[in-house]
Amino acid sequence: IREDALKQIDASDSLGELDALRVSLLGKRGSIQSLMKEMKNLPKEEKPSFGAAVNELKQSVSEAIEKQKEVLAKKALNEKIESEKIDITLPGLRPSHGNLNPLNLVERELEDLFVGLGYSVIEGDEVTTDFYCFERANIPQGHPARDMQDSLFIDNEKLLRTHTTAIQMQVLEESAPNPIKVVCPGKVYRRDDDDATHSHQFMQMEGLVIGENVPLSDLKGTLEFVARKMFGKDREIRFRPSYFPFTEPSVEVDVTCHMCNGKGCPTCKGTGWIEILGAGEVHPNVLRMAGYDPDKMNGFAFGVGLERIAMLKYGIDDIRHFYTNDRRFNETFDRFD
Ligand code: PHE
């Protein structure tokens, strides 16, 4: 029995198997226990030595089991360590990350260009007053130009700004009578039905330069520089007469189409030109109201829609893409980051 038991114990290669073996050898109905039962059939004088022998057998079997138990436990631990080994040379999983919206890309690009030209970037509040949004911009109550911008009023005085000109009117007032060179980017709001080219909320960036004898040709040179940086070095720009209440003269600015180089294509509707912004000489009334003497200081202003620039630059066909946060759309701009 002993040899057989020790052999079996040695051969067992899992803790479960070893425990089953323990039960079959040492358990109440195990083979060693049944030896004890046979003792009663032995002659009296043999009983003590038989008992001692069985006890010794029991002892050595349970010692062997304990020893094997340790061996197997160690083995199980080693296997576990082996199987859970971490390969630190495996390439990691790239966590998905967001990226800038193309509007922010365009905003930053323009800001960089203007900062490079010596402008400061000033932001203002999205909720402004009728006073700065219209009155100071030479659009008094009842002026027909108020219809150019359907407004979202909050109460009699306050409204969501319809153009970033509202920021500029505050900058003018705060800076008078000193020179100014700023760009003002931000969200603006108008009462409009959303479709592929209209949005009740969009972004503008307006520029304002005030100084002594600022010629309109400075405006043209500045916008030409920016258009070439944004749309390619061969771009030309042209001024067309226009009307804004806060500028006089006012112009609309076209750039030669970057898709066909001015030859005429669907993007520019065959004309070779694309309208990109409004601009003009700051109206003397606007200067006067803010505290400037129009005979001493003058300057120019321009206002550009960032959606329009982004749509032209990246070939986006629907303004709503900017705001629906579809990751398939947003991720397209990862590489421009
Ligand atoms: N504020 C005008 C608009 O919202 C744009 C503009 C700004 C035009 C400055 C001329 C000068 O359409």
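All ligand and atom numbering here is 1-based and tracks the order in the structure. What you see below is based on every heavy atom in this structure, not just the backbone, and it leaves out hydrogens, waters and symmetry mates.
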One finds that the ligand 1 atoms under 4.0 Å from a non-hydrogen atom of His163 are 1 (N), 4 (O)

Is Arg190 touching ligand 1 with its side chain, its backbone, both, or neither, if touching means heavy atoms under 4.0 Å apart? side chain

Atoms of ligand 1 under 4.0 Å from any heavy atom of Phe244, numbered from 1 in the order shown, are 8 (C), 10 (C)

Hey, does Thr162 come in under 3.5 Å of ligand 1, counting only N/O atoms on both sides? no

For Ser199 and Gln201, indicate whether the former's side chain and the latter's backbone hold a donor-acceptor pair under 3.5 Å. yes

Just need the protein heavy atom nearest to atom 2 (C) of ligand 1, so name the residue and atom and give the distance. Phe246 CZ, 3.7 Å

Establish, yes or no, whether the cationic atom of Lys220 lies under 6.0 Å from the six-membered ring centre of Phe239 and within 45° of the ring axis. yes

Does the pair Thr89 and Asp87 meet the rule for a side-chain hydrogen bond (donor to acceptor under 3.5 Å, both in side chains), with working shown? CA-CA 5 Å; Thr89 66; Asp87 182 353; 2.6 Å; yes

Under the salt bridge (charged side-chain N to carboxylate O under 4.0 Å, His left out) test, which residues partner Arg136, sequence neighbours left out? Glu173

For a quick check under 3.5 Å, do Asp193 and His198 share a side-chain donor-acceptor pair by atom type? no

Arg22 with Asp19: basic N within carboxylate O range, under 4.0 Å: yes

Is there any N or O on Thr165 that sits under 3.5 Å from an N or O of ligand 1? yes

Taking a cutoff of less than 4.0 Å between a non-hydrogen atom of the residue and any ligand atom, is Gln204 in contact with ligand 1? yes

Polar contact flag for Glu206 and ligand 1 (N/O pairs, less than 3.5 Å): yes

